[in-house]
Amino acid sequence: MTTLKVTEPTAYSRILGIGGVRGERVVTNDDIAGPINSSDEWIQQRTGIVTRRRAAADVSLLDMCEQAGRQAIEASGVDPAEIDVVILGTITHMEQTPSAAAIVADRLGLTPAAAYDISAACAGYCYGIGQADALVRAGTAQNVLVIGAERMSDVIDPTDRTISFLLGDGAGAAVVGASDTPGIGPTIWGSDGSLAHLIKQTHSWLTFRDGTDTTWPTLRQEGPTVYKWATFQMAPVALRAIEAAGLQPEDIDVFIPHQANMRIIDQMVKLLHLRDDVIVARDIAETGNTSAASIPLATERLLRENQATGGQIALQIGFGAGVAYAAQVVVLPNKTHTV
Ligand SMILES: CC(C)(COP(=O)(O)OP(=O)(O)OC[C@H]1O[C@@H](n2cnc3c(N)ncnc32)[C@H](O)[C@@H]1OP(=O)(O)O)[C@@H](O)C(=O)NCCC(=O)NCCS
């Protein structure tokens, strides 16, 4: 009887390096408050956002992905020839095909790496880390470049009060490869399409073809419902990720939730009973909500500013449109890009 050969599994994977780039324009609350009849005070109180970073007109999503990806590869010390998969989480690549991942892989000199985009909104990066971990441990990939990137400016309606004022642009990236010790815990992930209406595009691209609505589609959300879902439904998911990694909440050194709203972050810290001295990512104050980019960007900042160090145990959780979510416990990498 003929027996197939299968890939040789590897015991463990870990994040080897992180990179990140924020949009270069610093947009204040006062800059955007007028068209939504809001104020710096209201936005700071309800969201914790002081500024959000948005890309310059001539900087594309692909440009930011390329820069963040290059930084992560440099920080990881991995030979680019040994990166064989690129996974890109984004909802703002404005061409249905080809994938942004394939173009970014080529720009980074990673061809013929396998490359694909995933559409899991603010959970995109954690979905990608979960897949990278599985691919490396299964022996399907040697090293995986995971990118979370958004140019949310392209889906913003400046007169929309529900979500646009939260949003920023950026790209964060991580290289995942084999490890001698466990570095990425089990991914707890899921979705619930019955709640798809909570955060969504205003209308389909098909309305352009049939002429029923030729205005540019933008994002909308049901803010208060999303707030409750994120706070109360996502804390148990985070706890399951801690348990699946064989840990207790007090073992977590660093908490890196999706940077959706500072109040959601604060509520989750309380609900999870994390240690008093846990380091909490609060990049949202300066960067805003960059959807799939927010977790790697927040990680990059913590490492760059020496608030967190390599080897610490971090809990990360992404959640958003879909509704989709993913959480895992990871060991932070030693190095980050420092320029
Ligand atoms: C969007 C969000 C900041 C709104 O805050 P909120 O406290 O829930 O606000 P509400 O919608 O309940 O409205 C409260 C009041 O503020 C007003 N308001 C709503 N949006 C406003 C805005 N952008 N600026 C100023 N006032 C606003 C409302 O009109 C209402 O006024 P009223 O009390 O006189 O009727 C909040 O719901 C939120 O952050 N939700 C989670 C969103 C999120 O994280 N999404 C991303 C997930 S990936």
Side-chain angles (χ1 to χ4, degrees), residues 27-52 89-92 118-127 148-150 152-153 155-170 172 189-193 195-202 218-235 237-238 256-269 271 280-285 287-298 316-327:
V27 178
T28 67
N29 292 334
D30 285 333
D31 290 338
I32 56 159
I36 55 172
N37 188 23
S38 193
S39 65
D40 177 42
E41 192 193 0
W42 191 95
I43 295 173
Q44 286 207 40
Q45 252 178 25
R46 302 283 177 138
T47 71
I49 296 174
V50 181
T51 60
R52 73 279 298 131
T90 187
I91 55 164
T92 48
I118 49 179
S119 174
C122 308
Y125 174 76
C126 292
Y127 264 54
E150 304 289 2
M152 300 304 282
S153 304
V155 292
I156 280 174
D157 168 2
T159 67
D160 159 59
R161 280 185 128 200
T162 72
I163 194 166
S164 293
F165 63 102
L166 303 175
L167 304 174
D169 303 334
W189 59 345
S191 72
D192 182 354
L195 300 178
H197 57 280
L198 291 184
I199 313 173
K200 67 189 294 288
Q201 186 172 314
T202 46
T218 56
L219 271 193
R220 290 287 187 281
Q221 72 168 342
E222 295 179 19
T225 314
V226 173
Y227 182 91
K228 285 184 210 119
W229 169 77
T231 309
F232 299 108
Q233 303 294 314
M234 292 301 98
V237 171
I256 314 176
H258 169 46
Q259 304 290 291
N261 179 320
M262 198 71 88
R263 285 160 59 217
I264 294 176
I265 295 172
D266 290 337
Q267 281 292 336
M268 285 181 90
V269 171
L271 290 167
V280 180
R282 297 183 185 283
D283 186 40
I284 186 171
T287 307
N289 176 342
T290 55
S291 186
S294 90
I295 291 173
L297 282 179
Q316 55 185 29
I317 178 165
F319 47 83
V323 290
Y325 53 88

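Residue indices begin at 1 and follow the sequence shown. Order of listing sets the numbers, starting from 1, for every ligand and every atom in it.
Residues R263 and Q267 fail the side-chain proximity criterion, which asks for heavy atoms closer than 4.5 Å.
Residue-level proximity to ligand 1 for I43 is absent, since no heavy atom of it falls below 4.0 angstrom. Only backbone heavy atoms of T162 (N, CA, C or O) come within less than 4.0 Å of ligand 1; its side chain stays farther off. Heavy atoms of W42 found under 4.0 angstrom from ligand 1 belong exclusively to the side chain.
For the 3.5 Å distance criterion, the side chains of T159 and D157 qualify, holding a donor opposite an acceptor. Checking S294 against Q259 by side-chain atom types alone, no donor-acceptor pair falls below 3.5 Å.
Among all non-hydrogen protein atoms, the one lying nearest atom 43 (C) of ligand 1 is Q221 OE1, 3.5 Å.
For atom 2 (C) of ligand 1, no protein heavy-atom neighbour is found at a distance under 4.0 Å. When distances from atom 13 (O) of ligand 1 to the protein are checked, no heavy atom turns up under 4.0 Å.
Residues that satisfy the side chain to side chain donor-acceptor pair (under 3.5 Å) test with Q44, not counting sequence neighbours, are D40. Annotation: side chain to side chain donor-acceptor pair (under 3.5 Å) contacts of T290 (sequence neighbours excluded): none.
With hydrogens and angles ignored, the 3.5 Å screen pairs a side-chain donor or acceptor of R52 with a backbone N or O of V27.
Every atom of ligand 1 with a heavy atom of V226 under 4.0 Å away is listed here by number and element: 43 (C), 45 (N), 47 (C). Close approach to F319 involves these atoms of ligand 1, each under 4.0 Å from a residue heavy atom: 48 (S).
At a 3.5 angstrom cut-off on N or O pairs, N37 does not count as close to ligand 1.
Of the candidates A121, S39, C122, C122 brings a heavy atom nearest to atom 48 (S) of ligand 1.
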